[in-house]
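In this chain, numbering begins with 1 at the start of the sequence shown. None of the values given here were measured: they were computed from a predicted structure.
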Amino acid sequence: MLGSFFGVIVDRLPLHQSIIWGRSHCTSCQHLLSACDLIPLVSQIFRKFKCRYCRAPIPKLYLILEFSCALTFTLAVSHKLTSIQALLTLMSILLSAFDSRDHHFPLSV
């Protein structure tokens with residue numbers, strides 16, 4: 001779930017859109033996604049990384065975000081990472097996603 005939210009942040013923050021309001025949609029066809037389209041990792045793999053509506057490819061960045069956040073959470077819950085280490089890892093994942101996509105960080109002062 002956190003990986004999905006990170007995807008929303010990476011998509012919307014550079015465009016100055018709300019990260020709280022507004023439903024998730026395909027960035028190609030703008031079709032609103034249904035609940036079954038929003039199941040992390042499973043829906044992406046099941047649909048072969050393509051939009052169910054327009055068949056446009058879903059960027060692999062979303063898969064990487066989902067998997068990285070899930071792995072970090074699993075390591076933290078199993079006490080392989082401390083809370084601080086998990087938090088720093090999650091922040092690194094988010095900043096890496098911004099850098100990978102836009103080559104800058106919109107969170108800078």
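In this structure, Leu13 is a member of the same hydrophobic cluster as Leu61, with clusters built from ILVMFWY side-chain heavy atoms closer than 4.5 Å. Both Leu71 and Leu81 belong to a common hydrophobic cluster when Ile, Leu, Val, Met, Phe, Trp and Tyr are linked at side-chain heavy-atom distances under 4.5 angstrom.
Note: Asp37 CG to His25 NE2 = 13.0 Å, rounded to the nearest 0.5 Å. Rounding to the nearest 0.5 angstrom, the gap separating the CG atom in Leu65 from the CZ atom in Phe5 is 12.5 Å. With values rounded to the nearest 0.5 angstrom, Glu66 atom CD is found 9.0 Å from Leu2 atom CG. The line from CG of Leu95 to OG of Ser100 is 12.5 Å long, rounded to the nearest 0.5 Å.
Sorted by first then second residue, the ring pair (Phe, Tyr, Trp, His ring centres under 6.0 Å) pairs that include residues 36-92, not counting sequence neighbours, are His31-Tyr53.
Minimum heavy-atom separation, Arg55 to Arg47: NH1-O, 4.3 Å. The two residues Ala97 and Val10 have their closest heavy-atom pair at CB-CG2, 3.6 Å. Of all heavy-atom pairs spanning Leu90 and Cys69, the tightest one is CD2-SG, 3.9 Å. Nearest heavy-atom pair across Phe98 and Ile9 is CZ-CG2, 3.7 Å. The shortest non-hydrogen separation linking Ser68 to Ile93 is CB-CD1, 3.5 Å. Gln85 and Thr89 make their closest contact through O-OG1, 2.7 Å (heavy atoms, listed as atom of the first residue, atom of the second, distance).
Here the side chain of Asp11 pairs no donor or acceptor atom with the backbone of Val8 at under 3.5 angstrom.
Within 6.0 Å of CD1 in Ile45 there are more than 12 heavy atoms belonging to other residues, nucleotides or ligands.
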**Q.** Criterion side chain to side chain contact (heavy atoms under 4.5 Å, CB included) on Cys29 and Cys51, from CA distance to verdict
**A.** CA-CA 9 Å; Cys29 67; Cys51 172; 4.0 Å; yes
Identify every side-chain donor-acceptor pair in residues 16-24 under 3.5 Å, counting partners at least two apart or on other chains, and give the distances.
from	atom 1	to	atom 2	distance (Å)
Ser18	OG	Ile20	N	3.0
Ser18	OG	Trp21	N	2.8
Arg23	NH2	Leu33	O	2.9

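Residues Cys36 and Arg52 are in side-chain contact: their nearest non-hydrogen atoms beyond the backbone lie under 4.5 Å apart.
At a cut-off of 3.5 Å, with distance as the only test, no side-chain donor of Asp99 or Ser96 sits close to an acceptor on the other residue.
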